Asks: 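Got a structure here, written out as structure tokens. Questions coming.
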Amino acid sequence: MAFPNNQCFPAQPLRRVCFITLGCAKNEVDTATMKRRVLDAGYVLTDDPESADAIIVNTCSFIQSATEESIDTILEVCQLPNMQEGSAKLIVADDLEPELPEARAFVACSKEDDIAVVLDRLFADDPASSRVPSDASSCAAVQTRVQLDYPAAYVKISDGCDRFCSFCMIPYIRGRYHSFEYEQIEQEVAARTADGAREITLIAQDTGRWGRDLSPASSTASLVSRLAERFPDTWFRIMYLEPEGVTDELLEAMASHSNICRYLDIPLQHSSARILADMNRAGDAEAFKAMVDRIRSRIPDITLRTTLIAGFPGETDEDVDDLEDFLDAVGFDYVGVFAFSPEEGTCAAELSGQIDDETRMERAQRLRDFCDSVSFARIAEREGREMDVLVLGAEEDGQLFGRAQCQAPEVDGVVYLESGEPGEFVRVVITDTLAYEMEGDIVG
């Protein structure tokens, strides 16, 4: 569409939208989806909330501390000059509506695709609400795509959850589990690689469940194999894989494709059969040990991460001792430990044997310290090894850094490098380690 006098902008100012994202990688994916919807509808993105006409806060209410952070952030946004003047509109993407009368609109977790409609409605009665038409994307004044901060991206393969763990609200917030069709996932991966991504992290509430609800049924192994073959120059990483999802088919797929990262994130939550049963989860220490042995026998160089909850109702000092023994025997490369949070509305919050805050925090810190000692030793053993590293970018001081297959985004540290170009895979030898960080020299 041509504008009068060959202008690349309409007479009325473009509406500027700022996103603030809280929570985990799944929320980052949802924000990226909303950004694309907003751009397609003709709005403009800005990173400056004080210059925005609309501020969208994508929140997290998974646990109480996350809810409190979300509310605090929203209240801070409400103090911005443009909010105080009434020239900006606040939209919240989550289920906090009863607690946040300051917001002009809410977008439920399952309705992120409606964000442009919500914006249109909010600006409908505003005489300055004209926006650049979506077919004017060639104009230099309009940001037409969501740029990647680094040559890596997340792609969500499903939404919702069917597990109903007693400590978790996700099934009630996100709904029942539903897989995205392969074609939709492939299209998203193609878009992200076109943006420059060389590593794709596949995420969901339960990645190992993908495809079971499709017709015909499929599997995570089939999904990642097809993607690895369709995009041979891209790394694929699987996160949030429940123990039941660690199938022989998946291990075979990983062993057969060098661009499927030798890395699995398997949240176990505990090793006590009694506590796991109260969590509405299956397994015990022996079953988990057998699973890890099976994984390592098939892929000896694999990196394993898990997540634990400390201080669950009914947990005893002996249970913590047994959990440490289990961790010592298995030797995970990385472990995330969280203190139990009795979330309102969950079954676990009503269980007998609730443990006081101080004890929960002490047990969580004890396990973190123990797991750090194990992880630091395992990471130090990488010194002298050669590995491929994806160059991600540079820090403010110019120090280059990248990520190896043994490091998941945001949680496992990085590899510091002396040279390389962002988006480039380089072969390095690890020369030094410090806690979770590594240093490497390019080979050759």
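Everything numeric in this text was worked out from a predicted model, so none of it was measured. Only this structure's heavy atoms are used, side chains among them; waters, hydrogens and symmetry mates stay out.
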Asks: Please tabulate, for the side chains in residues 429-440, all donor-acceptor contacts under 3.5 angstrom to protein atoms that are two or more places apart in sequence or on a different chain.
Replies:
residue: T431; atom: OG1; partner: E439; partner atom: O; Å: 3.3
residue: Y436; atom: OH; partner: D372; partner atom: OD1; Å: 2.5
residue: E437; atom: OE1; partner: V414; partner atom: N; Å: 2.9

Asks: Of V57, I115, I55, which meets side-chain contact (heavy atoms from CB on, under 4.5 Å) against I91?
Replies: I115
Asks: Determine the sole option in T247, L202, D206, L250 for which the side-chain contact (heavy atoms from CB on, under 4.5 Å) test with L241 is passed.
Replies: L250
Asks: Check whether Y182 forms a cation-pi arrangement with R226 (NZ or CZ under 6.0 Å from the six-membered ring centre, at most 45° off the ring normal).
Replies: yes
Asks: Between D412 and R305, does any NZ, NE, NH1 or NH2 come within less than 4.0 Å of an OD or OE carboxylate oxygen?
Replies: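 Answer for the salt bridge query: yes.
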Asks: Taking G211's backbone N and O only, do any of them form a donor-acceptor pair with S179's side chain (distance below 3.5 Å, no angle check)?
Replies: yes
Asks: Under the side-chain hydrogen bond (donor to acceptor under 3.5 Å, both in side chains) rule, collect the residues that match up with E181, sequence neighbours excluded.
Replies: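 Per chain and number, E181 pairs via side-chain hydrogen bond (donor to acceptor under 3.5 Å, both in side chains) with no residue.
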Asks: So does R366 pair up with E324, basic N to acidic O under 4.0 Å?
Replies: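 Looking at R366 and E324, the cut-off is met.
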Asks: Using a strict cut-off of less than 4.0 Å between a Lys/Arg side-chain nitrogen and an Asp/Glu carboxylate oxygen, indicate whether D293 and R296 qualify as a salt bridge.
Replies: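 Looking at R296 together with D293, the answer is no, because their closest N to O distance does not fall below 4.0 Å.
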Asks: With ring-ring contact (aromatic ring centres under 6.0 Å, His included) as the rule and sequence neighbours excluded, what pairs involving residues 255-277 come up?
Replies: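 Sorted pair list comes back empty.
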Asks: Run the ring-ring contact (aromatic ring centres under 6.0 Å, His included) check on Y150 and F401 step by step: do they pass?
Replies: CA-CA 11 Å; Y150 299 118; F401 64 93; 5.5 Å; yes
Asks: Check E315 with R360, please: is the shortest side-chain N to carboxylate O separation under 4.0 Å?
Replies: no
Asks: Let me see the working for N58 and T31 under side-chain hydrogen bond (donor to acceptor under 3.5 Å, both in side chains), right down to the final yes or no.
Replies: CA-CA 7 Å; N58 189 7; T31 292; 3.0 Å; yes
Asks: Are E358 and R363 within salt-bridge range, i.e. N to O under 4.0 Å?
Replies: no
Asks: Assess whether a salt bridge exists between E244 and R163, defined as any Lys/Arg side-chain N lying under 4.0 Å from an Asp/Glu carboxylate O.
Replies: yes
Asks: Assess whether a salt bridge exists between R209 and E242, defined as any Lys/Arg side-chain N lying under 4.0 Å from an Asp/Glu carboxylate O.
Replies: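 Looking at E242 together with R209, the answer is no, because their closest N to O distance does not fall below 4.0 Å.
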Asks: Taking ring-ring contact (aromatic ring centres under 6.0 Å, His included) as the cut-off, I'd like each qualifying pair that reaches into residues 278-312, sequence neighbours left out, listed once.
Replies: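 Every pair satisfying ring-ring contact (aromatic ring centres under 6.0 Å, His included) with a residue in residues 278-312: F312-F340.
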Asks: Just wondering, do L327 and F370 contact through their side chains at under 4.5 Å, heavy atoms?
Replies: yes
Asks: Salt bridge check: are R174 and D30 linked by an N-O gap of less than 4.0 Å?
Replies: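 Salt bridge: yes.
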Asks: Can K156 and E188 be counted as an ion pair, charged N to O under 4.0 angstrom?
Replies: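 The answer is no: the pair does not qualify as a salt bridge.
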Asks: Scan residues 264-278 for pairs that pass salt bridge (charged side-chain N to carboxylate O under 4.0 Å, His left out), counting only residues two or more places apart or in two chains.
Replies: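 Pairs touching residues 264-278 that pass the test: R274-D319.
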Asks: Determine all donor-acceptor pairs shorter than 3.5 Å in which one atom belongs to a side chain in residues 376-388; sequence neighbours excluded.
Replies:
residue: R378; atom: NE; partner: G331; partner atom: O; Å: 3.3
residue: R378; atom: NE; partner: D333; partner atom: OD1; Å: 3.0
residue: R378; atom: NH1; partner: G331; partner atom: O; Å: 3.4
residue: R382; atom: NH1; partner: Y334; partner atom: OH; Å: 3.0
residue: R382; atom: NH2; partner: Y334; partner atom: OH; Å: 3.3
residue: R385; atom: NE; partner: E381; partner atom: O; Å: 3.4
residue: E386; atom: OE1; partner: R427; partner atom: NE; Å: 3.4
residue: D388; atom: OD1; partner: R427; partner atom: NH1; Å: 3.3

